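Report on the structure given below.
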Amino acid sequence: MKIATWNINGIKARQDNLLAWLSAESPDILCLQEIKSQDESFPRAPIEALGYHVETHGQKGFNGVALISKKAPDETCRGLPGAEDDIQSRYIEGVFSVAGGVVRVASIYLPNGNPVDSDKYPYKLAWMSRLKDHVSQQLALEEPLILAGDYNVIPRPGDCHDPDLWAGDALFLPATRDAFNTLCALGLYDAVTSTDDAAGQYTFWDYQAGAWQKNNGIRIDHMLLSCEAADRLRTTIIDKNVRGWEKPSDHVPLVAEFSFDWA
DNA sequence: ATGACGTCAGTTTGACGA
């Protein structure tokens, strides 16, 4: 079973790229972030025409996440629990039946947090704390759990081209990395570094200043796994080729192959 | 160098992103 995550930076602007990628790669489950669309205006039909089921959690203009899957989830959860007054659409979770049990998959769009002297940074840290609380509950289920998405966290200096440039940024501040490490310390495995610990495995290149051409990238899209999921992980691939397509997203897909089969 | 570049909302320029 192939499970992927991709921040597409606008579903309407990226529809052709998405359909081409789905056709070429045929993932079983794809977690999308930054759909920048309301649920009712999400272009479901052409995706369904490829044989996919679509679950969205959108909002007007910004943010928005979705789950695209070859089979419908048995249940879904929209929004990260723990703050009923949070109206930003950044979390959707689905439970999928597979042979011998279930896999629980979340599409996550963690807040950026810049500028750090605004209320956006405390919102980011509070969101990470809520995520930790939620994940600790989910881990008690002892299920295969896959937390995939744009974390807006550069975990290590080797996950960016020039750490000095990121020193004061919300993606790389010590408090940000501490929160990410605290989350991982619940017992999660990073799919990328578990299979290849090398530096420079970027998932994002800015549109500006020729970042792609200079390979000035960062690794901020991650797939964190419970041990029950990590036991089934076969391979992980960052599909950086997609960054060179026409009208690309600034993020590329992260794809993991697991030894699960549909029920 | 709070800039470049891109998307969205919805009217032409501002908010937001990383």
Side-chain angles (χ1 to χ4, degrees), chain A residues 5-19 21 31-44 56-66 86-91 107-125 127-128 131 148-177 179-180 192 200-222 238 240 242-254:
Chain A
T5 179
W6 190 11
N7 179 323
I8 50 162
N9 188 22
I11 184 65
K12 298 177 190 76
R14 216 68 60 213
Q15 183 175 326
D16 291 347
N17 278 9
L18 174 62
L19 295 174
W21 191 79
C31 302
L32 292 177
Q33 301 88 38
E34 279 206 274
I35 62 174
K36 296 185 176 179
S37 166
Q38 292 170 295
D39 295 337
E40 52 270 31
S41 53
F42 189 94
R44 315 173 61 91
T56 61
H57 180 44
Q59 73 178 84
K60 193 172 186 176
F62 311 108
N63 304 324
V65 288
D86 184 2
I87 56 162
Q88 299 192 34
S89 297
R90 297 180 174 276
Y91 189 93
S107 179
I108 292 173
Y109 180 45
L110 204 147
N112 174 303
N114 283 308
V116 296
D117 59 354
S118 73
D119 56 4
K120 292 184 178 179
Y121 192 59
Y123 174 71
K124 175 177 191 155
L125 294 180
W127 206 95
M128 295 181 83
L131 179 62
D150 177 0
Y151 281 73
N152 273 313
V153 175
I154 301 168
R156 314 170 300 183
D159 295 317
C160 62
H161 184 260
D162 184 352
D164 290 342
L165 290 178
W166 292 97
D169 193 281
L171 280 62
F172 192 59
L173 280 176
T176 304
R177 288 185 280 157
F180 185 78
V192 169
Q201 301 187 81
Y202 307 138
T203 64
F204 168 95
W205 295 261
D206 202 288
Y207 289 122
Q208 304 178 66
W212 167 243
Q213 288 75 10
K214 298 174 188 169
N215 195 28
N216 178 13
I218 51 180
R219 188 174 74 93
I220 54 173
D221 299 272
H222 307 297
I238 298 168
K240 65 186 289 185
V242 173
R243 187 63 178 80
W245 288 9
E246 290 292 315
K247 269 197 92 184
S249 170
D250 39 10
H251 298 250
V252 298
L254 166 59

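Naming: A, B, ... by sequence-line order, numbering from 1 per chain. Owing to the predicted nature of the structure, the values given are computational and were not obtained by experimental measurement.
- If you take CD1 on A:Ile220 and CG on A:Asp250, they are separated by 8.0 Å, rounding to the nearest 0.5 Å.
- In this structure, NZ of A:Lys124 is placed 12 Å from C1' of B:dG17, rounded to the nearest angstrom.
- Of the candidates B:dA9, B:dC5, B:dA18, B:dA18 carries the atom nearest the A:Ile218 side chain, counting heavy atoms from C-beta on.
- Between the CD atom of A:Gln15 and the P atom of B:dT7 there is a distance of 14 Å, given to the nearest Å.
- With hydrogens and angles left out, the side-chain atoms of A:Asn63 and A:Ser89 include no donor and acceptor closer than 3.5 Å.
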### Task
Starting from the C-alpha separation in whole Å, work towards a yes-or-no answer on side-chain hydrogen bond (donor to acceptor under 3.5 Å, both in side chains) for A:Tyr123 and A:Ser118.
CA-CA 9 Å; A:Tyr123 174 71; A:Ser118 73; over 6 Å; no

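- In this structure, A:Tyr109 reaches the sugar-phosphate backbone alone: every heavy-atom distance under 4.0 Å involves primed, P, OP1 or OP2 atoms, never a base.
- The nucleotide whose nearest atom lies closest to any side-chain atom of A:Asn114 is, among B:dA18, B:dC16, B:dA9, B:dA18.
- If you measure from atom CG of A:Asn7 to atom C1' of B:dA18, you get 10 Å, rounded to the nearest angstrom.
- Under the 3.5 Å distance criterion, the side-chain polar atoms of A:Arg90 are matched with a main-chain donor or acceptor of A:Tyr109.
- Residues A:Asp86 and A:Tyr91 have side chains that never bring a donor and an acceptor to within less than 3.5 angstrom of each other.
- For an aromatic pair to be called close, the ring centres must be under 6.0 Å apart, and A:Trp21 with A:Trp6 satisfies this.
- Nearer to the 5' terminus of DNA chain B, by closest-nucleotide assignment, is the contact made by A:Pro115 (compared with the other of A:Pro115 and A:Asp250).
- Only A:Asp150, A:Asn152, listed by number, bring a heavy atom of residues 148-157 of chain A to less than 4.0 angstrom from any atom of DNA chain B.
- In terms of position along DNA chain B, the nucleotide closest to A:Tyr207 lies nearer the 5' end than the nucleotide closest to the other residue of the pair A:Arg90 and A:Tyr207.
- Atoms CD (A:Glu34) and C1' (B:dA15) sit 13 Å apart, rounded to a whole Å.
- Between the side chain of A:Lys120 and the backbone N or O of A:Pro115, no donor-acceptor pair lies under 3.5 Å.
- Remark: DNA chain B takes part in the stems B:5-9 with B:13-17, each of 3 or more antiparallel Watson-Crick or G-U pairs, criterion distances under 3.5 Å.
- The separation between A:Asp206 atom CG and B:dC16 atom P is 18 Å, rounded to whole Å.
- Per the geometry, CG belonging to A:Asn9 stands 16 Å off P belonging to B:dC5, to the nearest Å.
- The aromatic rings of A:Phe180 and A:His222 lie tilted to each other, with the angle between the two planes from 30° to 60°.
- Note on A:Lys36: every side-chain N or O is 4.0 Å or more away from OP1 and OP2 of B:dC16.
- The C1' atoms of B:dA18 and B:dG3 are separated by 14 Å, rounded to the nearest whole Å.
- With C1' as the reference atom, B:dT2 and B:dG14 are 15 Å apart, rounded to whole Å.
- Between the CZ atom of A:Arg219 and the P atom of B:dA18 there is a distance of 17 Å, given to the nearest Å.
- The distance from atom CG of A:Leu171 to atom C1' of B:dT2 is 16 Å, rounded to the nearest whole Å.
- Across all strands shown, A:Asn112 has heavy atoms under 4.0 Å from base atoms, whether or not it also approaches the sugar-phosphate.
- At the phosphate of B:dA18, OP1 or OP2 sits under 4.0 Å from a side-chain N or O atom of A:His251.
- The closest side-chain donor-acceptor pair between A:Asp162 and A:Asn216, if any, does not fall under 3.5 angstrom.
- A donor-acceptor contact under 3.5 angstrom links the side chains of A:Lys36 and A:Asn9, judged on distance only.
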